[in-house]
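So you know, we letter chains A, B, ... as the sequences are listed, proteins then strands, and number each from 1. This is a predicted model, so every value here is computed, not measured.
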Amino acid sequence: MIDRCGVSPSPFLSQRSLVKSGTVWNNLGARGLHVTAVQCKNHAARIRVGKGDRGVTYEQALHPHHIGHRKGWLSQHPCNLKGEEGAADRALEDVFIRRFMFGTFHGCLANEVVIKRRGNLLIVCALMLQKLPPQKFYFLTGYTESLLSHFYKCPVKLEIQTLQKQAVYKYL
Amino acid sequence: MAAHTTKICLSLGRINGPGFGQYASLNRATYATALSTSNFTGNKGGPDRGGRGAFVRRPRREPGEPRTEKMDSQQDWSAVYPSAASFRPGSVPLPVRMGYPVKGGVPSEKRGNLELIKIPNFLHLTPAAIKKHCEALKPFCTEWPAGLDSDGDLDKHLPIQIETTDYVSAGPSVRNPAARVVTLRVRLSSLNLDEHAREKMLKLLGDRYCKDTDILTITTDSCPLKQQNTDYAMYLLTVLYHEAWKTEAWESEMTRADRREYIWEDSASQQNVLDTLARMATPVPGEGVGEGVGEGEAPPREVLLARPEVQQYRDSVTRLKNEGESEGATLRYREAVKKLLSL
């Protein structure tokens with residue numbers, strides 16, 4: 001849902017701004033709040049169609065309502081099943097791991113990070129571009145694994161695959 | 001010899017960095033002789049980083065061909081996927097495609113395909129691999145005990161069954177509060193109980209006993225640990241057994257209303273039937289009537305009770321009282337009464 005709101009310095013008072021801001025300005029330089037009609041549009045995880053020069057991956061091209069139909073899940077664990085505990089903790093871990101990977105392998109991630117859990121073991125699968133020499137990849141892998149293991153007190157394994165170019169699904 | 005090697009090293013250094021030009025070698029000289037380090041800023045990290053000026057980056061190493069090209073069709077697959085791992089397109093020699101196709105296209109190929117990585121795969125569980133697992137586990141297995149061949153044997157030798165559940169989940173903690181629940185099952189027939197003990201035991205058990213299967217079920221979850229709950233369940237069984245065999249002083253005061261089930265013998269219903277039949281007093285031909293009984297007198301009790309319609313009435317009343325009212329039971333009672341009163 002989009003509300004186009006503008007906050008503009010206007011010399012005139014609008015009725016709405018009086019009601020909304022609750023202050024009384026009688027001078028120049030008063031600011032009002034202008035609100036337009038609501039536009040019910042979904043914007044979640046969508047790249048809008050453009051000129052046709054932007055290559056997108058399968059993950060980016062398919063919208064969230066395709067999850068379960070044409071897309072799989074990026075993170076799978078049994079804590080989301082009925083009667084199981086710890087779903088919130090796993091969700092937080094996932095968010096942190098994704099940001100960590102994005103920052104550690106900056107510019108190298110070709111696609112989203114896939115997180116799997118097998119019992120106690122945390123497996124992070126990532127597709128990377130060959131932007132760094134292999135030695136640096138090895139170092140960063142070891143660094144990530146040991147740091148995350150210490151954070152989460154469980155064994156963390158990184159499974160990295162490298163590509164020369166990003167796999168483009170279509171051009172938008 | 002040492003001098004010779006150092007000389008070689010220097011020359012090697014020069015050859016390795018043709019693109020660095022004068023700058024790097026100058027830097028190396030400054031570094032080695034510890035002169036001013038003001039020129040040092042451009043060259044961080046060593047020979048891999050290019051400096052300023054005309055330089056060609058060290059030629060990028062070409063990625064080697066994937067393992068699939070070098071695979072033999074008779075290879076040992078469990079060496080490729082020894083344990084559970086995500087899909088690696090360079091290790092799986094299959095032309096797999098996955099994904100919703102673009103209009104007029106085909107599903108995406110396996111290289112760089114995130115969908116294939118997302119899903120769990122069983123490439124590490126081929127039949128040959130499972131066989132290897134079994135062979136590896138065999139030394140740790142023991143034989144099934146000889147005397148336990150059938151369910152009957154199990155009931156005879158191991159009558160008590162204890163059921164517990166263990167939970168595995170994805171988090172770092174192995175604790176699960178639902179794992180403390182313990183269920184103990186035993187057949188009452190395997191316990192040594194006499195008439196009185198069985199009655200008392202059934203009264204004590206109430207809901208925990210199933211009449212159809214003759215199984216007593218005790219579920220404990222009041223203690224925090226599984227071991228504690230199993231101990232508690234065994235303790236409950238022991239106490240039940242011993243209490244059933246004891247006869248308290250107040251048990252002699254048991255009345256008809258305290259009985260667990262309705263018994264027709266010596267009940268008001270039996271008395272009523274006998275009275276009614278005595279008043280009707282029509283001796284049935286073929287009945288064994290004693291010689292002391294005359295034409296108009298009632299036959300004795302035992303004779304009356306042995307009549308089939310009285311037996312039927314007894315069955316119907318017992319069923320009604322014990323199992324509650326239902327359409328079938330009421331109908332049976334009606335039939336029995338009609339036969340009894342010769343309606």
Side-chain angles (χ1 to χ4, degrees), chain A residues 57-59 61-62 66 69-81 83-87 89-90 93 110-130 133-136 152-155 157 159-171, chain B residues 45-50 57-67 81 83-92 97-122 124 165-179:
Chain A
T57 58
Y58 188 86
E59 194 63 34
L62 292 176
H66 287 129
H69 301 272
R70 300 180 192 175
K71 253 166 61 153
W73 279 265
L74 288 170
S75 161
Q76 277 180 323
H77 51 83
C79 295
N80 282 332
L81 296 172
E84 299 291 330
E85 317 241 321
D89 300 320
R90 305 293 96 72
E93 284 170 21
N111 215 327
E112 298 283 336
V113 171
V114 169
I115 300 174
K116 297 183 184 180
R117 281 179 181 80
R118 212 171 280 146
N120 199 13
L121 178 61
L122 195 62
I123 300 159
V124 182
C125 312
L127 279 171
M128 307 268 178
L129 299 171
Q130 287 163 0
Q135 290 87 348
K136 298 211 173 163
Y152 291 124
K153 307 284 182 277
C154 62
K157 286 211 167 93
E159 291 184 5
I160 290 188
Q161 296 172 25
T162 51
L163 304 167
Q164 285 210 290
K165 284 185 316 210
Q166 205 179 46
V168 172
Y169 177 65
K170 60 172 160 186
Y171 289 90
Chain B
D48 277 344
R49 298 291 273 204
R57 225 189 215 147
R58 202 155 58 120
R60 191 206 153 96
R61 201 173 71 179
E62 282 303 310
E65 60 171 8
R67 191 175 168 180
Y81 266 87
S83 65
S86 58
F87 183 86
R88 285 187 292 267
S91 301
V92 179
R97 287 181 172 270
M98 180 154 175
Y100 191 80
V102 194
K103 189 170 169 192
V106 290
S108 325
E109 57 163 11
K110 64 180 181 177
R111 199 154 293 284
N113 197 329
L114 200 67
E115 298 300 311
L116 282 165
I117 297 174
K118 285 179 193 174
I119 53 170
N121 64 63
F122 294 98
H124 58 294
T165 313
D166 286 305
Y167 294 86
V168 179
S169 80
S173 166
V174 294
R175 308 292 166 209
N176 191 322

* To do: Can you see which heavy atom on B/Ser169 is nearest to which on A/Glu84, and at what distance?
  => CB-OE1, 4.3 Å
Using a cut-off of under 4.5 Å on heavy-atom pairs, state which of [options] scores highest against chain B.
options	result
A/Gln164, A/Glu159, A/Gln166	A/Glu159
A/Pro155, A/Cys125, A/Gly119	A/Gly119
A/Lys153, A/Lys71, A/Lys165, A/Arg118	A/Arg118

Please state whether the side chain, the backbone, both or neither of [X] comes within less than 4.5 Å of a heavy atom of chain B.
X	result
A/Arg70	both
A/Lys157	neither
A/Pro133	neither
A/Gln76	side chain
A/Asn120	both

* B/Ile117 side chain reached by A/Gln161 side chain, heavy atoms, under 4.5 Å ->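 Side chain of A/Gln161 against side chain of B/Ile117, heavy atoms only: contact under 4.5 Å found.
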* Asked: How about B/Lys118 and A/Lys116: do any of their side-chain heavy atoms sit closer than 4.5 Å?
  ->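 No, side chains not in contact.
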* Asked: If you round to the nearest 0.5 Å, how far is CG of B/Leu114 from OH of A/Tyr58?
  -> 10.5 Å
* To do: Quick one: pull up OH in B/Tyr100 and NE2 in A/His69 and give me the separation to the nearest 0.5 Å.
  => 12.5 Å
Enumerate, atom names and distances included, each donor-acceptor pair closer than 3.5 Å involving a side-chain atom of residues 170-177 of chain B, sequence neighbours excluded.
unit_1	atom_1	unit_2	atom_2	d
B/Ser173	OG	B/Arg175	N	3.2
B/Asn176	OD1	B/Ala178	N	3.1

* Which residue out of B/Ser108, B/Ala85, B/Pro101, B/Ser86 racks up the most heavy-atom pairs below 4.5 Å with chain A? -> B/Ser86
* For A/Lys170, side chain to side chain contact (heavy atoms under 4.5 Å, CB included) partners two or more places apart ->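 Checked A/Lys170 against side chain to side chain contact (heavy atoms under 4.5 Å, CB included); matches are A/Val56, A/Ala61, A/Leu172.
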